[in-house]
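Report on the structure given below.
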Amino acid sequence: MTRIFNFSAGPSMLPVPVLERAAAEMLDYEGSGMSVMEMSHRSKVYDKIIKDTEAKLREVMGIPENYKVLFLQGGATLQFAMVPMNLLVKSGKADYVVSGSFSGKAYKEAQKYGKISLAGTSKADNFNHIPKQEELTLDPEADYVHICHNNTIYGTTFKYIPETGNVPLVSDMSSCILSEPVDVSKFGLIYAGAQKNMGPAGLTVVIIREDLVGEPQPLTPVMMNYQEMVANDSMYNTPPTYAIYILGLVLDWVKDMGGLEGLKANNEKKANLLYDYLDSSKIFKTTVLKEDRSMMNVTFRTETPELDDAFVKEATAKGFSNLKGHRAVGGMRASIYNAMPVEGVQALVDFMKEFEAKHSEV
Ligand SMILES: *Cc1c(COP(=O)(O)O)cnc(C)c1O
């Protein structure tokens, strides 16, 4: 068996101990005589799995009592519609910060459900930074403000939490959740697709402040109604049972890694290794402004698309997979989520140095 260093932006690497435990429990979960995949979601055994997973998430993230945790489907993308359908019920207005591709999609989708304003954007600079607080135009009457915390495609991240007064802040944390401690109480709602830092695809986690759970817009499907999902403990219908179980295993691993503080230290180490090298390299560079660099998705390029292609090809042959940048940006992207070990990033940097030496000789 060979495991390679997989720099995929998502679905992405899972911790080996998690995969090993899932494998060991595959045929017979804790003496139940069946796989978690085969269990009724209404069974006693499964009820314990989902409740324990929620409890572990609350513990690891320090989620306050007055927040509900939901295990949903449809990816982060369904939240682009679900958030406005449920929250645009007072003034019918919301402010969106567009700092990359996914926040642009969220902004566009929300327009179907109310009066949506652009609170700030870095589009003119090809999203190479995050708009600053003083650049945001915020409406005190808005039902919420929406941001995308970490821009998976462009490789930038919010290093500050926007101050929105009494207006609830909604954040798409798909590509940075569980990567470092976060003060949940600063947010009205946090959502994240699981397939980057939490588990397999198919599960979306929503953390919502209780007072925001209420009657949604009239045409909201029952499956997209937070109130209905809260009332049914995420089990109005069959939830993504196996993905929730894997999230539970990932959370055990997070605790073994020293919780979110431990992971933050590890993630900083990895990101520094890569950025320090990029800053010193003569052929590779990153186009993201230093103060907004993402710890999870590191975008970089060489001088020419041809050399980029040659790099990706050689890297792939050496066992560094999925380094090609998103088609919207070009160049390269190394996604170094929680499960990527420090050794993986070190090995990549060593390989980049070799590549640089070879290509600077001419
Ligand atoms: C991956 C990603 C999405 C899309 O997630 P899906 O689960 O595929 O819908 C949305 N937002 C961010 C920040 C992402 O990284």
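FYI, the numbering just counts along the sequence from 1. We count ligands from 1, going down the list as the structure has it; atoms in each ligand are counted the same way.
- Residues meeting the ring-ring contact (aromatic ring centres under 6.0 Å, His included) test with Tyr245, sequence neighbours left out: Tyr29, Tyr242.
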Are any protein N/O atoms closer than 3.5 Å to the N/O atoms of ligand 1? If there are, list each pair with names and the distance to one decimal place.
residue  : atom   : partner : partner atom : Å
ligand 1 : 7 (O)  : Ala76   : N            : 3.0
ligand 1 : 7 (O)  : Gln195  : NE2          : 2.9
ligand 1 : 8 (O)  : Gln195  : NE2          : 3.4
ligand 1 : 9 (O)  : Ala76   : N            : 3.1
ligand 1 : 9 (O)  : Thr77   : N            : 2.9
ligand 1 : 9 (O)  : Thr77   : OG1          : 2.5
ligand 1 : 11 (N) : Asp172  : OD2          : 2.6
ligand 1 : 15 (O) : Thr152  : OG1          : 2.5
ligand 1 : 15 (O) : Lys196  : NZ           : 2.7

Report task. Run the numbers on Glu141 and Lys93 for salt bridge (charged side-chain N to carboxylate O under 4.0 Å, His left out), then give the verdict. Result -> CA-CA 7 Å; Glu141 279 178 17; Lys93 297 190 285 182; 3.1 Å; yes
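- Within 6.0 Å of the CZ atom in Arg42, the count of heavy atoms belonging to other residues, nucleotides or ligands exceeds 12.
- Between Phe80 and Phe102, the ring planes lie tilted relative to each other; the angle falls in the 30° to 60° range.
- Side-chain contact annotation: Ser179 with Asn267, donor-acceptor N/O pair under 3.5 Å absent.
- Checking Asn297 against Asn151 by side-chain atom types alone, no donor-acceptor pair falls below 3.5 Å.
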